[in-house]
Number of protein chains: 2
Amino acid sequence: MPDRLWYLKQINIFSQMDEAMFRQLNDMMVEKTLQKKAIVYMPDDPSEYVYCLKRGRVKISKISEEGKEITITILEPGEIFGELSLIDSGPRETIAEVIDDAYLCIVRRTDFERLMAQAPDMALRVTKLIGLRLRAIENKMEDLVFRDVPARLARLLLRLAHDHGKPAPSGGTLIDLKLSQHEFACLIGSTRETTSLFLNEFKRDGLIDLVHRRIVVLDPHSLEARGV
Amino acid sequence: MPDRLWYLKQINIFSQMDEAMFRQLNDMMVEKTLQKKAIVYMPDDPSEYVYCLKRGRVKISKISEEGKEITITILEPGEIFGELSLIDSGPRETIAEVIDDAYLCIVRRTDFERLMAQAPDMALRVTKLIGLRLRAIENKMEDLVFRDVPARLARLLLRLAHDHGKPAPSGGTLIDLKLSQHEFACLIGSTRETTSLFLNEFKRDGLIDLVHRRIVVLDPHSLEARGV
DNA sequence: TTGTATCTGTAAGAAACCTTACAGTTTGAT
DNA sequence: ATCAAACTGTAAGGTTTCTTACAGATACAA
């Protein structure tokens, strides 16, 4: 079986498809390798494709006219994105940028819809996927309105440790992402300077450790307390 | 044809269903009349049902431990809600409150899923609906991060005038909702006092008029300018 | 109609956060 | 190995917004 299919089976949306369907999907797909900083789509691009991220990482964000940025999510291998093209082919309202060299599969929106019409259980999985994203962003909005910057930061660190964490040799949980402080700020809707301030406060208080641009969560319990 | 079916055909998700399907749906449904201030569901309730709002209005919001509130959306007749039960039957994370006496149809989540599996084009419409909500909330989050209170308020007024507006006898567009200033504040993630301040500033500047708890948009063009 | 609950307008003071500024550090490319 | 670009730490000052406070207006129920 070609490597491409192996990857696809990992993506849970496509699990439980039979061989015939897989071949059909395979014929619809185009692959692409993109390097760090490459743009997959930008605001105002027509929404023509759905993407499967097979390797690397992609950041979905919004940018204001003045250049301020808010990160909606950082995607891991196995995730689908650009799925809002399923609404209509209107202009994109977000920007998708590669942050770790990526390998993508690209399916035309109309083809994807046809596939959904044929495989109702896949359609339901797509619905659930979008629903999960809706719920996630509702929670993010809740954070923005109800919590101050240190609380948002504490909760972000806990979430990243949960989603991207590895046990650190020195104890604690290493967040296995190289993100700049600017990127942390974008994830919590704040600025680089304010974020730096609180990261160092957390470090002074022994809640985290900062080593070589990586963060180790040392005291998740106290972090939770800061997340009010 | 019973009144109930007449309503259902108005709801675009159910359009294009054949008679047999309609009857099937009809058998699954329970109706309910609820008065203003009734709670349809609360945080931590299991997500067992999907609701169709046939008459009245329902507010979907989140409330923090300290009682602060953020309104996610205000629903009009013809709209579906509680659709996140399609993800799983886990606890609700939002509160759905009747704000104008409502008439609802209630469908069990599992029945709804079965219906989706049988009618792929209906499934696609549900997917699009959730997708539209996802996009709407992404834009709301963008507002929260990029814009200050007066800009958010100006944009809210324009949106409400667009969605719920009627030509006012005195000229301008009447926003046909009786919302308190507290409710306006919840819609833009601010406080009652700050909102009151800017509403009155807009009034002084001739952008809007406040009559009997209703708002008339007089100068949409200038309001747009305030929305940055 | 009367009283009570809710809503509205306004302002002073406080808090959170952003902006600006700058120097030092690290990273990555040549 | 060297240099430029990007990243980090920190602080002073200013802005926005929230909090608190209170009085008057309006709506609703008995």
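Here is the naming used below: chain letters follow the sequence lines, and residue numbers restart at 1 for every chain.
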task: For B:K36 and D:dC28, give me the distance from atom NZ to atom C1', rounded to whole Å.
output: 11 Å
task: Give the rounded distance in Å between these two atoms: CG of B:L144 and P of D:dC18.
output: 11 Å
- prompt: Just by modelled atom types, is the A:G82 backbone N or O under 3.5 Å from a matching donor or acceptor in the A:R92 side chain?
  reply: yes
- prompt: Atom CD of B:E69 and atom C1' of D:dC18: how far apart are they, to the nearest Å?
  reply: 17 Å
field: Distance in angstrom units between B:R214 CZ and D:dT26 P, rounded
entry: 16 Å
Whole angstrom value for the distance that separates P of C:dT27 from CG of A:L179: 15 Å
task: Taking atom CZ of B:R147 as the centre, report whether more than 12 heavy atoms of other residues, nucleotides or ligands fall under 6.0 Å from it.
output: yes
task: Answer yes or no: are there more than 12 heavy-atom neighbours, outside B:E66 itself, under 6.0 Å from its atom CD?
output: yes
query: Is any side-chain heavy atom of A:M28 less than 4.5 Å from a side-chain heavy atom of A:R108?
result: no
- prompt: What string of B, S and - do you get for nucleotides 17-26 of chain C, 5' to 3', when a contact is any protein heavy atom under 4.0 Å?
  reply: SBBBB-----
- request: Would you kindly give the CZ-to-P distance between A:F202 and D:dG9, to the nearest whole Å?
  value: 14 Å
statement: Atom NE2 of B:H182 and atom P of C:dT6 are separated, to the nearest Å, by 12 Å
field: Nearest listed nucleotide, side chain of B:S196, among C:dC7, D:dT10, C:dG9
entry: C:dG9
message: Using heavy-atom distances to pick each residue's nearest nucleotide on DNA chain C, tell me which of B:K37 and B:L197 is more 5'.
response: B:K37
query: What class does the angle between the rings of A:Y51 and A:F81 fall in, given that below 30° is parallel, 30 to 60° is tilted and above 60° is perpendicular?
result: parallel
- request: Mind checking side-chain hydrogen bond (donor to acceptor under 3.5 Å, both in side chains) for B:Q181 and listing every partner two or more places apart, or none if nothing turns up?
  value: B:S196
query: Can you tell if the side chain of B:E201 reaches within under 4.5 Å of the side chain of B:R204, non-hydrogen atoms only?
result: yes
- prompt: For the residue pair B:S85 and B:Y49, what are the closest heavy atoms and their distance?
  reply: OG-O, 3.2 Å
task: Return the value, rounded to whole Å, for the distance between atom CG of B:N200 and atom P of D:dG24.
output: 17 Å
field: Rounded to 10 degrees, the angle between the two terminal axes of the helix from C:dT1-D:dA30 to C:dT30-D:dA1, each from five pairs
entry: 60°
- prompt: A:E224 side chain to A:H221 main-chain N or O, any donor-acceptor pair under 3.5 Å?
  reply: no
